[in-house]
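Working notes, beginning with the structure itself.
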Amino acid sequence: MDRLPAARRFVRRFVAGPGLADALGVAARLNAEGVDAAVTHLGENVETTEDAARAADAYLEVLDEIARRRLRAIPSLKLTHLGLDLGEATCRANLERVAAKGLASGALVWVDMESSAYTDRTLDLYRRLRRTYSNLACVVQAYLRRTAQDIERLIGDGATVRLCKGAYREPAEIAFPDKRDVDASYARGIDRLLAADAMARGVYPGFATHDERLLDRARQTARAGGVAADRFELQMLYGIRHDLHAPLRAAGLRLRVLVPYGEDWYGYFMRRLAERPANLAFFFRQLLRG
Ligand SMILES: Cc1cc2nc3c(=O)[nH]c(=O)nc-3n(C[C@H](O)[C@H](O)[C@H](O)COP(=O)(O)OP(=O)(O)OC[C@H]3O[C@@H](n4cnc5c(N)ncnc54)[C@H](O)[C@@H]3O)c2cc1C
């Protein structure tokens, strides 16, 4: 796929490019439009400690370059990229290196959520390290049945937390198979994360979705609860619903766009194809034409 020009073009719809400079160029353009960025160096499930250390090094460079270019951007990373499959100690040491640098430069470090095989380990490590690194942020997925409980615990911690629908294939015992249930769970998550007790505890939610009804709900819920516009943010992915950026910014809402870069785009790209059948049809038409 990598060698087909039509495939490469389509991948570039969702991925800034192979190098950090590509992602930072996009971040600078977003910043000029009043939009913050989160930069992801693509990669997951590394198999050697050297690869895990290299991933952490890449994020240190991300932080250096963000500071040097004075961008409004933060890293967003996956724990299996930092070596979670190789043991918690390896992953923890790598995450601490990135978190410490982020803390020194005042940047959040957002820890993405992966498949349910990693939910407990990811949230446990997040909660333990956040006592030292107050700049760490985490993610919960509305499709998981457990998420309402995780949200309550994170509210107790005053966490910085992204709410997304969830992008992995999960069995029905642990995740809602029906999209309507996922959306309802997401709506309940909005209500809890913006509730007065959550705000009083210092919770900072990021609502990551391109679903206009849920974006609107977040906005209406915040307004009804008197939550100031700087106490939460909306988040989207690079290449999806760019048309919503300007109206959301014009409405005075904080918006962050996650910008991925790197050569290891296969998993990320496949998740973007899988969550929207129309993408798949478009992709194959492009390939045939190419
Ligand atoms: C900033 C950010 C960070 C994320 N981090 C994580 C994470 O850590 N862990 C995780 O599991 N998931 C993560 N996700 C992915 C998320 O879980 C969903 O898979 C993804 O956002 C699609 O769901 P949706 O909320 O946009 O709603 P949907 O109901 O799927 O889509 C709503 C509308 O958005 C548009 N849209 C959605 N997806 C696409 C697409 N691929 N291509 C084109 N248009 C599309 C369409 O117009 C669609 O009608 C993240 C998403 C965002 C925005």
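Residues take their numbers from the sequence shown, with the count starting at 1. Each ligand, and each atom within it, is numbered from 1 in the order the structure gives.
Side-chain atoms of Arg192 do not come within 3.5 Å of backbone N or O of Ile151 as any donor-acceptor pair. Judged purely by atom type and a 3.5 angstrom limit, Arg249 uses its side chain to pair as donor or acceptor with the backbone of Gly34.
In the model, Arg146 has no side-chain atom that pairs as donor or acceptor with a side-chain atom of Ser116 under 3.5 Å.
If you look at ligand 1, the protein residues with a non-hydrogen atom under 4.0 Å away are Arg13, Phe14, Asp112, Met113, Val139, Gln141, Arg162, Cys164, Lys165, Gly166, Ala167, Tyr168, Lys179, Ala208, Thr209, His210, Asp211, Gln235, Met236, Leu237, Ile240, Arg241, Leu258, Arg272, Glu275, Arg276, Asn279.
With sequence neighbours excluded, the residues forming a ring pair (Phe, Tyr, Trp, His ring centres under 6.0 Å) with Tyr261 are His41, listed by chain and number.
Residue Arg145 qualifies as enclosed at atom CZ: its count of foreign heavy atoms under 6.0 Å is above 12.
Note that the CD atom of Glu212 and the CZ atom of Arg219 stand 11.0 Å from one another [nearest 0.5 Å].
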